[in-house]
2 protein chains.
Amino acid sequence: MCTVANNNPSTTRPHSRVEPLNEPDNVLPGLSIDNLIFGLDHGQLKIMLVKHNVGPGKGKWALPGGFIKQNENLRDAAARLLEELTGVRDLYLEQLKTFGRVDRFPNERVVTIAYYALVSAENYTLVAGRNTSDAMWFDAKDLPELIYDHSEIVDHGLNFLRHKVCHEPIGFNLLPEKFTLLQLQELYEAILDVKLDKPNFRRKMMKMNLLAPCNEKQKGVPHRAANLYRFDSAAYERLTDKGFSFEF
Amino acid sequence: MCTVANNNPSTTRPHSRVEPLNEPDNVLPGLSIDNLIFGLDHGQLKIMLVKHNVGPGKGKWALPGGFIKQNENLRDAAARLLEELTGVRDLYLEQLKTFGRVDRFPNERVVTIAYYALVSAENYTLVAGRNTSDAMWFDAKDLPELIYDHSEIVDHGLNFLRHKVCHEPIGFNLLPEKFTLLQLQELYEAILDVKLDKPNFRRKMMKMNLLAPCNEKQKGVPHRAANLYRFDSAAYERLTDKGFSFEF
DNA sequence: ACAAAAGTGTTTAGTGTACACCCATGC
DNA sequence: GCATGGGTGTACACTAAACACTTTTGT
């Protein structure tokens, strides 16, 4: 999908102790970023992982992350690292939480700031980049063993997502730009692991006035074609200004 | 309220550049913690601040914070710093967000992890500690100028609190152990800056089954004495296990 | 007796839930 | 014509909001 920069020679920090970190020396010491990227693919919640081919976790799966440059804001670092490792760019990354258990990282103290984003998995082709031999989507319910404390980050992120999706209209980011109401319903069912009533779900969503009809229908389905909608973010802004609060 | 440890000599890091940080050298470089402590005092939302008497912000008010030791988990560091600077201990500190703008700190790159807690301000006497000349509560609506990006942290924290208090029963932490329904209502009114209907508020709260009556009444009030209640955290656990979700 | 806050009852509008039903389309 | 999902209607229980009302207690 996009080209991958590779301008960071793998130098080792002077005070690294046992296993070299391959941490370039223009980065902040002892502080890293990890990205938890959620995707939705055919109604299944996915998480983006990369396989390390250098460093203390060589050969293991991990969240795409790395180190922060001296002159780089945190979110910019998260975006750069994600692109370098997976080829994915232009996501709306938000901070999740900072993880800093003393022994979370081998041999050194490294605190990591986790960021998250939600995307329609179908739109993103992953390309392994610097220091990674592979990058792919995994089903959130069936993840491989992860490096360091990354499973803890994922668990925290999943709980956070389940909570967040009920209180803010972020779920829409998991869908393609144009979607049907059933896709939206299936999204909620996938994340919350519940079964919802179709007519009631429709009405609830429609009443919020956050869906703009595309005046377009599904194509190539073996049944009546559904109307396509977009999430109307301008309408959402207007409503929140007036005190509206999204509650699913 | 409690004694203050003072066992950290004010050494200066070798690579500090212009204004010395007084950062002891057994701490993580470039990473700090700041505590945003909310209190409620006579129906007013307060925030705990300290006045720096050393370092780049000498003479200015700040959130109580400092540096993390090599062998210290993040929350432990937050708790230790809070006690060292204000004498306050045993709070339930939770992570708020990490702030890392490149230029948030003068002359050096320092990323700070913000923690927050909610307490009944009346229960805590503040005692200035190491490196601080003063520690006191300020009205959240009338704060002095703050050091670095601490105003940004406070703004973020206030928004977070307003949101959180509607979705989780954390507001109770701002009250004394035994409280009346009117105190609880005034708390919500103070945080959300709204006026609520007394009868409806009562019923809403009572129906949640989260308040345990103390079988005790207010004393020394010039009117009918109200019943006192405690927040029943065991009941809350039981309810959440069954899928109950606190929504105010 | 009065003020001040505690606490109750009642009406009304609106919301959430369950489920029966009709509609459009591809095979 | 029938399966499949799209989409509507409706009855009922429950909740939220507004506000009039009674109760208790200190001064």
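Below, chains carry the letters A, B, ... as their sequence lines are ordered, and counting in each starts from 1.
For the pair B:Arg75 and B:Tyr92, the distance from NZ or CZ to the six-membered ring centre is under 6.0 Å and the angle to the ring normal is within 45 degrees.
Closest contact between the side chain of B:Lys198 and the listed nucleotides D:dG6, C:dG7, C:dG9 involves C:dG7. Minimum atom distance to the side chain of A:Lys207 is reached by C:dT15, of the listed D:dG5, C:dT17, C:dT15.
To the nearest angstrom, C1' of D:dG5 lies 11 Å from CZ of A:Arg202. The CD-C1' distance, from A:Glu247 to C:dT15, rounds to 14 Å in whole Å. Between the P atom of C:dT10 and the CG atom of B:Asn200 lies a distance of 15 Å, rounded to the nearest Å. Rounded to whole Å, atom C1' of D:dG6 lies 13 Å from atom CD of A:Glu186. Rounded to a whole Å, the CZ atom of B:Phe248 is 12 Å from the C1' atom of D:dA16. Rounded to whole Å, the distance from CD on A:Gln218 to P on D:dG5 is 11 Å. B:Phe201 places its CZ atom 17 Å from the P atom of C:dA5, with the value rounded to the nearest Å. Atom CD in A:Gln185 sits roughly 12 Å away from atom C1' in D:dG7 (whole-Å rounding).
B:Arg203 has no side-chain polar atom (N or O) that falls below the 4.0 Å cut-off from OP1 or OP2 of C:dT8.
Bending across the helix from C:dA1-D:dT27 to C:dC27-D:dG1, expressed as the angle between its end axes from five pairs apiece, amounts to 10° (10° rounding).
For B:Lys217, the NZ atom counts as densely surrounded, since its 6.0 Å shell holds more than 12 non-hydrogen atoms of other residues, nucleotides or ligands.
Using a 30° and 60° split on the angle between ring planes, A:His52 and A:Tyr148 fall in the perpendicular class, above 60°. Taking the six-membered ring where tryptophan is involved, the planes of A:Phe244 and A:Tyr236 are perpendicular, since the angle between them exceeds 60° and thus also 30°. Relative ring orientation between B:Phe172 and B:Phe231 is described as parallel, the plane-to-plane angle staying below 30° on a 0-90° scale split at 30° and 60°.
The pair A:Glu152-A:Arg104 does not count as a salt bridge, with every side-chain nitrogen at least 4.0 angstrom from each carboxylate oxygen.
Residue side chain B:Asp197 does not reach the base of D:dA16 through any donor-acceptor N/O pair under 3.5 Å, judged by distance alone.
Here the rule is ring pair (Phe, Tyr, Trp, His ring centres under 6.0 Å) with A:Phe160, and of A:Phe38, A:Tyr116, A:Tyr115 only A:Tyr116 fits it.
Side chain of B:Asn35 to main chain of B:Ile37: no donor-acceptor pair is present (N/O by atom type, distance under 3.5 Å, no hydrogens or angles). Distance alone, capped at 3.5 Å, is enough to place a donor-acceptor pair between the B:His150 side chain and the B:Leu63 backbone. With B:Thr112 contributing its side chain and B:Ser32 its backbone, the two residues share a donor-acceptor pair below 3.5 Å.
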Within the sub-3.5 Å range, which N or O atoms of nucleotides 20-23 of chain C have a protein N or O partner, and how far apart are they?
from: C:dC23; atom 1: O2; to: A:Arg224; atom 2: NH1; distance (Å): 3.0

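Each of B:Pro222 and A:Asn227 lies near DNA chain D, and the nucleotide nearest A:Asn227 is the one positioned closer to the 5' end. Along DNA chain C, the nucleotide closest to B:Gln183 and the one closest to A:Val221 are compared, and the more 5′ of them pairs with B:Gln183.
Contacts of A:Leu182 with the nucleic acid, taken as non-hydrogen atoms under 4.0 Å apart, involve only primed sugar atoms and P, OP1 or OP2.
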